[in-house]
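Note sheet for the following structure.
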Amino acid sequence: MWCSRVALRRLQRIAVTPLTTAGGLTGAVQKQMSTLPRVYITRQIPPEGLKILRESGQVQFELWDSDDVPVPRCELLQKVRGMDALLCVLTEKIDTELLDSAGPNLKVISTMSVGFDHLNLEELKKRGIRVGYTPDVLTDSVAELTVALLLTTSRRLIEATHEAKTGGWGTWRTLWLCGYELANSTVGILGLGRIGVAIAERLKPFKVKKFIYTDVVPRPELASMINAEYVSLDELAKQSDFLTICCALTPETKEICNKNLFSKMKNTSIFINTSRGGVVNQQDLYEALSMGQIAGAGLDVTVPEPLPTSHPLFTLKNCVILPHIASASYSTRNAMSALAANNLLLGLTGQPMIKELKI
Ligand SMILES: O=C(O)C(=O)CO
């Protein structure tokens with residue numbers, strides 16, 4: 001029903017390949033184009049990436065020309081048939097069913113994301129499909145948003161603007177809307193990579209006393225950049241005044257932030273997650289926040305996305321929820337789009353990609 005023709009027509013304004021739809025082409029040019037590798041793009045990506053693909057002259061592409069609605073699964077399964085490459089975003093599950101549907105021509109998956117939990121890497125490896133992704137170009141944007149979310153949560157900015165707008169602002173009061181400050185605090189980072197370092201670099205000028213982190217193994221090179229100490233997960237929970245989650249979602253990190261972790265945290269601590277919703281057990285988080293086991297949480301990512309407006313977490317004043325916007329700046333999203341396009345072209349021509357996942 002979701003994939004009925006009428007629904008699709010309403011959703012999909014056009015599916016184009018500028019190469020194959022251009023009018024007035026000679027038969028020879030048309031023939032030449034029809035031999036170009038075929039690419040399906042699962043979203044209307046920012047213009048820089050499309051321009052690179054269009055101007056390369058190396059591929060013919062078709063895209064789901066909407067950014068408002070993801071391509072319906074059954075449409076995607078049909079469209080990938082016989083494709084040589086796929087440029088996708090994080091909402092598309094690239095699993096066995098999809099790869100079977102694509103068939104043996106598929107050589108490259110290029111995802112416009114740093115996260116790759118939507119990709120079945122084992123299956124991709126088995127089939128010899130190369131994978132491009134977009135780390136680094138979004139580090140600044142994600143770190144900046146993480147700091148904004150941390151301050152919004154710890155200094156209760158959403159509550160404060162609501163009070164100001166709705167008549168709750170009476171006289172100046174000594175403890176009204178008090179929060180927690182970064183000065184003299186301990187900031188914990190779960191999963192120290194480029195983004196964790198970039199967050200710490202931005203937080204340092206706020207006079208943070210100490211940075212601590214945990215990861216599967218110590219990361220001395222990265223840690224030395226921010227003078228961070230390696231601790232166990234338990235110690236991270238116990239010592240952190242602010243705990244920021246920066247790890248990838250893997251089977252090992254799934255719901256790693258659970259009752260056990262929250263029970264060890266201080267009741268004055270602030271929990272921030274800009275990685276993936278799946279690293280958190282949301283029921284446990286709800287209980288920790290509503291029972292005052294921790295002071296507040298700022299989430300840019302949830303399960304599912306979008307989080308239904310009826311979700312209990314939305315009822316809590318001490319929980320700030322953003323709609324997965326950490327990398328949402330114009331420059332970053334264009335850079336991600338361009339990198340995804342370049343990875344795809346390099347992968348298709350058998351060259352090393354700029355950013356390729358080693359699988
Ligand atoms: O690139 C990603 O993985 C994102 O989550 C986008 O912000």
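Just so you know, residue 1 is the first one in the sequence shown, and it goes up from there. Ligands are counted one by one from 1 in listed order, and the atoms in each one are counted from 1 as well.
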Give me each pair satisfying ring-ring contact (aromatic ring centres under 6.0 Å, His included) with a member in residues 191-249, each pair once, sequence neighbours excluded. Tyr213-Tyr230
Give every donor-acceptor pair under 3.5 Å between a side-chain atom in residues 177-190 and any protein atom, sequence neighbours left out.
from	atom 1	to	atom 2	distance (Å)
Ser185	OG	Leu182	O	2.6

Could you tell me which non-hydrogen atom of Val320 sits nearest to which non-hydrogen atom of Leu149, and how far apart they are? CG1-CD1, 3.7 Å
With a 6.0 Å cut-off (strictly less than), is the heavy-atom count around CD of Glu163, excluding the residue itself, greater than 12? yes
Any pair with a residue in residues 321-348 that passes ring-ring contact (aromatic ring centres under 6.0 Å, His included), sequence neighbours left out, goes on the list, sorted by first then second residue, please. none
Quick one, list the residues around ligand 1 where some non-hydrogen atom comes in under 4.0 Å, by chain and residue number. Leu90, Ser113, Val114, Gly115, Leu138, Arg276, His324, Ser327, Met336
side-chain contact (heavy atoms from CB on, under 4.5 Å) with Ile272: of Thr153, Asp300, Leu243, only one passes, and it is Thr153
